[in-house]
J.: 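I'd like to ask you about the structure that follows.
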Amino acid sequence: MNHTKTIKLASTLFLVIALVLAVFVSGCTEDTADQEEEQADAITELTFGYQPSTHQIAYMTAREKGWWLEDLEPYGIVSIDDKEFATGAPEMQAMLADEIDVAYVGAAPVIAALANGLDAKIVAAVQIQGSDLVLKTDLSYEGPESLRGLTIATFPAGTIQDTLLRNWLKENGIDPDNDVEIKGMGSGPAITSLTAGEVDAVFLPHPAPTIIESEGTGRSVVSSGEMLQNHACCVVAVSGDLIREHPDIVQQIVETHVRATEYNSENLGEAAQIYADAYPDLGLELVNKSLTDWDGSWISDPSLIVNSTVDYAQVQYELGYISEPLTQDDIFDLSFYEALDQ
């Protein structure tokens, strides 16, 4: 082989080796980039928001039994945190500020937050009905007209209780802005205000109505189911980021919620004990009475509450709480619950 051919062969071999190395290095670089992106997208902690109501015992049951962490660990979650809120309004403010990932909250506050830019969807129902209008014991009640001129405490504007109460009053010919005075506050301050005679009535979720009746300061005169039969109340709302980037985690959240909901329905006494342990000042007897007295039901299927939730959006629009009505697609992602049947 002459010298020229040797040089050409060497050059060719060098180019082949260089090309192979370039492809190898490029592949390694791409794999490293993909791994870094996956690591950047991975999450290890979830923060739940909830309220101290018997409406939301499903969250508490899954927490106390360790199901949240047990079920979510396979997806990389190593820590579950939570924050308690007095009402849905501050809870949705926390979600808007990215302080919570998952919210057990009323459907109506979700609507108000969505209308103000919240990136989230309702993925499951929690319960229906379950609130009472409670009147001072020394006041008579012969229908909605009996409320004219009274002061009523309920959850703040945009919540389930505020939305339901105002709409029910309007439907019965009572102007909620002029014929009564409505004060927004949480259950604790509302109970205190009724006891002190600062308000004449309250419209609150359980167990508050049973607490008031046990103290002898008021009596339930209208249940929320009488105001609107089978109306949506609490829901599970999940951040848009979690839905888009970690749908497998959202799917498991829905499955764990369904598990806890069914467990509570089949083990009512244990559900009451879990709640009583979380709020020992109430006592188990009162919690059991509340769950007997209320007209609520724990559910998980979001399709059962779509119509009433969309109706809330229309009511909130008419009340001036939101600038335009929202549609089902604006509010719900039913796909995770529907996937349970597949």
J.: Would you sort out whether His257 and Tyr59 count as a side-chain hydrogen bond (donor to acceptor under 3.5 Å, both in side chains), showing the intermediate values?
T.: CA-CA 7 Å; His257 167 66; Tyr59 171 72; over 6 Å; no
J.: Assess the side chains of Asp132 and Ser223: does a donor N or O sit below 3.5 Å from an acceptor N or O?
T.: no
J.: Between Glu213 and Ser220, is any side-chain donor less than 3.5 angstrom from a side-chain acceptor?
T.: yes
J.: Would you mind reporting whether Leu118 and Met92 have side-chain heavy atoms less than 4.5 Å apart?
T.: yes
J.: State which residue, out of Val236, Val238, Val254, fulfils the side chain to side chain contact (heavy atoms under 4.5 Å, CB included) condition with Phe336.
T.: Val254
J.: Within the structure provided, determine whether Ile191 and Glu215 are in side-chain contact (heavy-atom separation under 4.5 Å).
T.: yes
J.: With clusters defined by side-chain heavy atoms of hydrophobic residues (ILVMFWY) lying less than 4.5 Å apart, directly or transitively, does Val306 cluster with Val123?
T.: no
J.: Measure the shortest side-chain to side-chain distance between Thr54 and Leu291 over non-hydrogen atoms and say whether it is less than 4.5 angstrom.
T.: yes
J.: Quick one: does NZ or CZ of Arg166 land under 6.0 Å from the six-membered ring centre of Phe203, within 45 degrees of the ring axis?
T.: no
J.: Identify the two heavy atoms, one from Trp298 and one from Ile57, that lie closest to each other, and give their separation to 0.1 Å.
T.: CZ2-CD1, 3.8 Å
J.: Please determine whether side chain to side chain contact (heavy atoms under 4.5 Å, CB included) holds for the pair Met227 and Val222, giving the CA-CA distance in whole Å, both sets of side-chain angles, and the decisive distance to 0.1 Å.
T.: CA-CA 8 Å; Met227 295 180 177; Val222 183; 4.0 Å; yes
J.: Rounded to the nearest 0.5 Å, what's the gap from OG on Ser300 to CD on Glu255? Could you check?
T.: 11.5 Å
J.: With a 3.5 Å cut-off and no angle check, do the side chains of Ser303 and Asp301 form a donor-acceptor pair?
T.: yes
J.: Quick one: pull up OG1 in Thr256 and CG in Asp71 and give me the separation to the nearest 0.5 Å.
T.: 3.5 Å
J.: Are Arg259 and Glu266 ion-paired here, with the side-chain N under 4.0 Å from a carboxylate O?
T.: no
J.: Whether the side chain of Tyr312 engages the backbone of Ala232 through a donor-acceptor N/O pair (distance < 3.5 Å, no angle test) should be reported.
T.: yes
J.: Rounded to the nearest 0.5 Å, what separation is found between the CG atom of Leu72 and the CD1 atom of Ile253?
T.: 6.0 Å
J.: In Å and rounded to the nearest 0.5 Å, what is the CD to OG distance from Gln229 to Ser308?
T.: 11.5 Å
J.: Considering all heavy atoms of both residues, which atom of Tyr50 and which atom of Arg63 are nearest to each other, and what is their separation?
T.: OH-NH1, 3.2 Å
J.: Counting only heavy atoms not in Glu285 (residues, nucleotides, ligands), do more than 12 fall under 6.0 Å from its CD?
T.: no
J.: Please report the closest heavy-atom contact between Ala125 and Ile305, naming both atoms and the distance.
T.: CB-CD1, 3.8 Å
J.: Which heavy atom of Pro176 sits nearest to which heavy atom of Leu169, and what is that distance?
T.: CB-CD1, 4.1 Å
J.: I'd like to know if Glu270 and Lys65 make a salt bridge, using a cut-off of under 4.0 Å between side-chain N and carboxylate O.
T.: yes
J.: Less than 3.5 Å apart, any donor N or O on the side chain of Thr154 or Asp162 sitting next to an acceptor on the other?
T.: no
J.: Find out whether Val202 and Ile212 are in side-chain contact, i.e. whether some heavy atom of one side chain is under 4.5 Å from a heavy atom of the other.
T.: yes
J.: Is there a donor-acceptor pair closer than 3.5 Å between any side-chain N or O of Asp101 and the backbone N or O of Thr47?
T.: yes
J.: For Gln328, does the CD atom have more than 12 heavy-atom neighbours from other residues, nucleotides or ligands under 6.0 Å away?
T.: yes
J.: Output, in order, the C-alpha distance, side-chain angles, deciding distance and verdict of side chain to side chain contact (heavy atoms under 4.5 Å, CB included) for Leu114 and Ile322.
T.: CA-CA 9 Å; Leu114 290 172; Ile322 60 177; over 6 Å; no
J.: For Trp294 and His206, take the angle between the two ring planes, folded into 0 to 90°, and tell me which bin it lands in: parallel under 30, tilted 30 to 60, perpendicular over 60.
T.: perpendicular
J.: For the backbone of Ala190 and the side chain of Lys183, can you confirm whether one donor and one acceptor N or O come within less than 3.5 Å of each other?
T.: no
J.: Grab the two heavy atoms, one from Ile160 and one from Gly106, that are nearest each other, plus how far apart they are.
T.: CG1-CA, 3.8 Å
J.: Shortest non-hydrogen contact from Ser140 to Leu135?
T.: O-CD2, 3.6 Å
J.: Quick one: do Gln161 and Leu204 satisfy side chain to side chain contact (heavy atoms under 4.5 Å, CB included)? Show the steps, please.
T.: CA-CA 7 Å; Gln161 287 72 26; Leu204 299 171; 5.8 Å; no
J.: Side chains of Glu91 and Gln51 only: does a donor on one sit below 3.5 Å from an acceptor on the other?
T.: yes
J.: In Å, rounded to the nearest 0.5 Å, how long is the span from NZ of Lys121 to CG of Asp329?
T.: 6.5 Å
J.: Between atom CZ of Phe155 and atom OG of Ser187, what is the distance when rounded to the nearest 0.5 Å?
T.: 3.5 Å
J.: Do other residues, nucleotides or ligands put more than 12 heavy atoms under 6.0 Å from Asp330 CG?
T.: yes
J.: Does one hydrophobic cluster hold both Met60 and Tyr263, with members joined at side-chain heavy-atom distances below 4.5 Å?
T.: no
J.: For the aromatic rings, using the six-membered ring if either is Trp, is the centroid distance between Tyr317 and Tyr321 under 6.0 Å?
T.: no
J.: Quick one, Leu150 and Leu139 - any side-chain contact, counting heavy atoms below 4.5 Å?
T.: yes
J.: Would you mind checking if Arg244 and Asp333 are paired as a salt bridge, meaning a charged N to carboxylate O distance below 4.0 Å?
T.: no
J.: Does a side-chain N-to-carboxylate-O contact under 4.0 Å join Lys170 and Asp175?
T.: no
J.: Would the distance check show the side chain of Ser146 and the main-chain N or O of Gly143 forming a donor-acceptor pair, the cut-off being under 3.5 Å?
T.: yes
J.: Are the side chain of Ser193 and the backbone of Pro189 linked by a donor-acceptor contact shorter than 3.5 Å?
T.: yes
J.: Please determine whether side-chain hydrogen bond (donor to acceptor under 3.5 Å, both in side chains) holds for the pair Arg219 and Tyr141, giving the CA-CA distance in whole Å, both sets of side-chain angles, and the decisive distance to 0.1 Å.
T.: CA-CA 10 Å; Arg219 70 188 190 285; Tyr141 183 79; over 6 Å; no
J.: Using modelled atom types only, decide if a donor and an acceptor are shared between the side chain of Asp295 and the backbone of Gly130 within a distance under 3.5 Å.
T.: yes
J.: Using the side chain to side chain contact (heavy atoms under 4.5 Å, CB included) rule, take Thr44 and Ile77 through it: C-alpha gap first, then chi angles, then the decisive distance, then the call.
T.: CA-CA 4 Å; Thr44 59; Ile77 301 300; 5.7 Å; no
J.: Given Gln273 and Asp277, is the side-chain hydrogen bond (donor to acceptor under 3.5 Å, both in side chains) satisfied, shown in steps?
T.: CA-CA 6 Å; Gln273 186 66 65; Asp277 288 344; 2.8 Å; yes
J.: Using a 4.5 Å cut-off on heavy atoms from C-beta on, say whether the side chain of Leu147 contacts that of Glu145.
T.: no
J.: Yes or no on side-chain hydrogen bond (donor to acceptor under 3.5 Å, both in side chains) for Gln129 and Ser224, after CA distance, side-chain angles and deciding distance?
T.: CA-CA 6 Å; Gln129 306 185 159; Ser224 61; 5.9 Å; no
J.: Could you tell me whether the side chain of Val235 reaches within less than 4.5 Å of the side chain of Val105, counting heavy atoms only?
T.: yes
J.: Output yes when a side-chain donor or acceptor of Gln316 lies under 3.5 Å from a complementary backbone atom of Gly158, and no otherwise.
T.: yes
J.: Contact between Leu46 and Asp81 at the side-chain level, heavy atoms closer than 4.5 Å - yes or no?
T.: no
J.: Can you classify the ring geometry of Tyr104 versus Trp68 as parallel (below 30°), tilted (30 to 60°) or perpendicular (above 60°)?
T.: perpendicular
